[in-house]
Number of protein chains: 2
Amino acid sequence: MSGLRERKKEATRTALSWAAIRLTIEHGWNAVRVEDIAAAVGVSPRTYNNYFSSKAEAIAFRYLERSLRLAAELRHGPHGEPLWEAVTRAALRQLEPGPEVGHMPPRAPDEWAAGLRVMLAEPALEAEMLRASKIAEKELAAAIADRTGTDPGSDLYPRLVAASVMAANNVALELFVQGGTGEPIEVLLPRALRMVATGLPTA
Amino acid sequence: MSGLRERKKEATRTALSWAAIRLTIEHGWNAVRVEDIAAAVGVSPRTYNNYFSSKAEAIAFRYLERSLRLAAELRHGPHGEPLWEAVTRAALRQLEPGPEVGHMPPRAPDEWAAGLRVMLAEPALEAEMLRASKIAEKELAAAIADRTGTDPGSDLYPRLVAASVMAANNVALELFVQGGTGEPIEVLLPRALRMVATGLPTA
DNA sequence: AGGAAAGTTGCGTTCCACGAACTTTTGCGT
DNA sequence: ACGCAAAAGTTCGTGGAACGCAACTTTCCT
């Protein structure tokens, strides 16, 4: 693995994903054709569909990768660390910008955020993002089951933890992008995680 | 409201939803055309799209209604009841079969369950179900915010509770339909809810 | 270098989603 | 009871997404 061929494939995939996101934020979901995304990357429309099986999937892909990193971080961390500490660390880790910078203009962060909100309001997009969440949740449950010696096929525990972590993650992220509070995500996310970890008695 | 006209509309809507579900379970997602669903209800294909804006939406509709009932139950319950008791009651309530019996043959429950699993494996369906979950979650968060005097726009609490409740609900349901344990849903669901309510320390 | 494997492309098909204009049905006021 | 306005439903046409298939091109391996 990791041959030249496969790295080129990954490059094309992320390029398509970025192009889809950028074009959608700039011109709106309905105004962007698959043809446009393919053209922006210099590839045929047919090839686009070899990489992604729907227009929405390309956009959710970046989010999927991020979420999968959470599970991966959890697996690679030190094995002695208490579960919730490890989870929190992994969740914060996943927020750090990866090697993706450069695809995206750091220009006009306000416009970008606004465009993001508009984009995620699209039903098809929202649905696809949630599906990505779900896929990552499954990975996460497996990682947690490994750590705790439980079985995702028969125990509630690992699935519940995974679902709760993703829930906390998503809630914190939503609240952040909607700007309900001025608090940074680095504060919101650990707080949300601590809350689901320790319980949610009537406030 | 509740005029004859609107009740007829609701009847058509649920008929379409049931037809979509039945046909999909019987013949598979790809084998069913929108045309078939419309024909099964005696309506034009265009009318189908006046009720649902995608093929998947009709199938998720029943699940959406159920999930919305959860939030509604929570609102209508006694106001003095402790939050988590009220939530558990509402969650169990929502499982009881509504006035929908009759649309569906109680025949061959095994085939039905198997068909369900196959159906939900379809990416487009899974995504749409998750979107329905999300919509219900928003309602639930509003109901919880009302009860607890918090604000979904700025507080983590009501959103987290809503997300956790839906997570517990979904996890319990999944585990149940996958038959991982022989336990009935009436046992699984309250247990899952108690777990997220009281916290998830490493088991 | 040369053949096999993997990736890309063009083409054709099917079907979904929806706008616009028209017809039918339904509820309501007099 | 009648007739009319509004709502629901239908017909028609358009655009575009997704994908199977077969030809073609690039990359890899020895």
Side-chain angles (χ1 to χ4, degrees), chain A residues 1-17 19-21 23-24 26-61 119 121-129 131-132, chain B residues 1-17 19-21 23-24 26-61 119 121-129 131-132:
Chain A
M1 34 189 123
S2 179
L4 188 149
R5 214 167 193 162
E6 330 207 344
R7 268 182 295 117
K8 216 167 186 181
K9 220 165 172 265
E10 278 321 290
T12 305
R13 180 178 259 108
T14 66
L16 282 171
S17 179
I21 293 171
L23 289 173
T24 299
E26 281 173 6
H27 305 120
W29 174 249
N30 293 318
V32 177
R33 322 257 145 267
V34 165
E35 190 189 341
D36 303 328
I37 303 170
V41 176
V43 102
S44 80
R46 187 63 183 85
T47 294
Y48 172 93
N49 274 340
N50 289 341
Y51 282 91
F52 298 108
S53 61
S54 83
K55 195 161 66 126
E57 202 176 325
I59 290 182
F61 176 69
M119 187 173 86
E122 200 66 32
L125 264 306
E126 190 188 2
E128 196 62 29
M129 298 287 277
R131 197 169 72 94
Chain B
M1 32 188 125
S2 178
L4 188 149
R5 212 163 194 167
E6 330 207 345
R7 267 182 293 117
K8 214 167 187 184
K9 220 165 171 263
E10 279 320 290
T12 305
R13 194 191 299 285
T14 67
L16 282 171
S17 179
I21 293 171
L23 290 173
T24 300
E26 281 172 7
H27 306 120
W29 175 249
N30 293 318
V32 177
R33 321 259 143 266
V34 166
E35 190 187 342
D36 303 329
I37 303 170
V41 176
V43 102
S44 81
R46 186 62 180 87
T47 294
Y48 172 93
N49 274 344
N50 288 341
Y51 281 92
F52 298 108
S53 60
S54 83
K55 196 161 66 127
E57 202 176 322
I59 290 183
F61 177 69
M119 187 173 86
E122 200 67 32
L125 265 304
E126 190 189 1
E128 196 61 30
M129 298 287 276
R131 197 169 73 93

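Here is the naming used below: chain letters follow the sequence lines, and residue numbers restart at 1 for every chain. As the structure is a prediction and not an experimental result, all values here were calculated from the model.
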**Q** Ignoring hydrogens and geometry, is there a side-chain-to-backbone donor-acceptor pair from B/Asp36 to B/Arg33 under 3.5 Å?
**A** yes
**Q** Using a 4.0 Å heavy-atom cut-off across all strands, classify A/Tyr51 as base, sugar-phosphate, or nothing.
**A** sugar-phosphate
**Q** Would you call B/Glu10-B/Arg13 a salt bridge at under 4.0 Å N-O?
**A**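 Salt bridge: yes.
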**Q** Counting only heavy atoms and a strict 4.0 angstrom limit, can you tell me which residues of residues 36-46 of chain A come near DNA chain C?
**A**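 By residue number: A/Val43, A/Ser44, A/Arg46.
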**Q** Tell me every residue that passes side-chain hydrogen bond (donor to acceptor under 3.5 Å, both in side chains) with A/Glu57, counting only those two or more places apart in sequence or in another chain.
**A** A/Ser53
**Q** Could you tell me how far apart A/Trp29 (CH2) and D/dG16 (P) are, to the nearest whole angstrom?
**A**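 After rounding, the reported distance stands at 14 Å.
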**Q** Specify the separation, in whole Å, of atom CD of B/Glu6 and atom C1' of D/dA6.
**A**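 Taking atom C1' of D/dA6 as the reference, CD of B/Glu6 is at 13 Å.
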**Q** Just the rounded figure in Å: distance from C1' of C/dT26 to NZ of B/Lys9.
**A**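 It is 14 Å, rounded to the nearest whole Å.
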**Q** Take the protein atom CG of A/Asn50 and the nucleotide atom P of C/dA6, then report the distance between them rounded to whole Å.
**A**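 Spelled out: CG on A/Asn50 to P on C/dA6 is 15 Å.
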**Q** Looking at A/Thr47, I'd like to know whether one of its side-chain N or O atoms comes within less than 4.0 Å of OP1 or OP2 on C/dT9.
**A**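 It does, given that an N or O in the side chain of A/Thr47 lies less than 4.0 Å from OP1 or OP2 of C/dT9.
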**Q** Looking only at side-chain N and O atoms, does A/Tyr48 come under 4.0 Å of OP1 or OP2 in D/dA17?
**A**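 No, because none of the side-chain N or O atoms of A/Tyr48 sits under 4.0 Å from OP1 or OP2 of D/dA17.
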**Q** The test is side chain to side chain contact (heavy atoms under 4.5 Å, CB included); show your working for A/Val43 and A/Tyr51 and say whether it passes.
**A** CA-CA 11 Å; A/Val43 102; A/Tyr51 282 91; 5.8 Å; no
**Q** For B/Arg131 and B/Glu128: C-alpha separation, side-chain torsions, deciding distance, then whether salt bridge (Lys or Arg N to Asp or Glu O under 4.0 Å) applies.
**A** CA-CA 5 Å; B/Arg131 197 169 73 93; B/Glu128 196 61 30; 3.0 Å; yes
**Q** If I take atom CD in residue B/Glu10 and atom P in nucleotide D/dA8, what distance separates them, rounded to the nearest angstrom?
**A** 11 Å
**Q** Looking at B/Tyr48, I'd like to know if the NZ or CZ of B/Lys55 sits under 6.0 Å from its six-membered ring centre while staying within 45 degrees of the ring's axis.
**A** no
**Q** Rounded to whole angstrom units, what separation is found between the CG atom of B/Asn30 and the P atom of C/dC15?
**A** 11 Å
**Q** Using atom CZ of B/Arg33 as one end and atom C1' of C/dA17 as the other, report the distance to the nearest whole Å.
**A** 15 Å
**Q** Does any N or O in the side chain of B/Ser17 come within less than 3.5 Å of the main-chain N or O of B/Ile59, such that one atom is a donor and the other an acceptor?
**A**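 Not confirmed, B/Ser17 side chain does not pair with B/Ile59 backbone.
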**Q** D/dT27, OP1 or OP2 - any side-chain N/O from A/Lys8 closer than 4.0 Å?
**A**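 It does, given that an N or O in the side chain of A/Lys8 lies less than 4.0 Å from OP1 or OP2 of D/dT27.
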**Q** Round to a whole Å and report the spacing from NZ of A/Lys55 to C1' of D/dG16.
**A** 9 Å
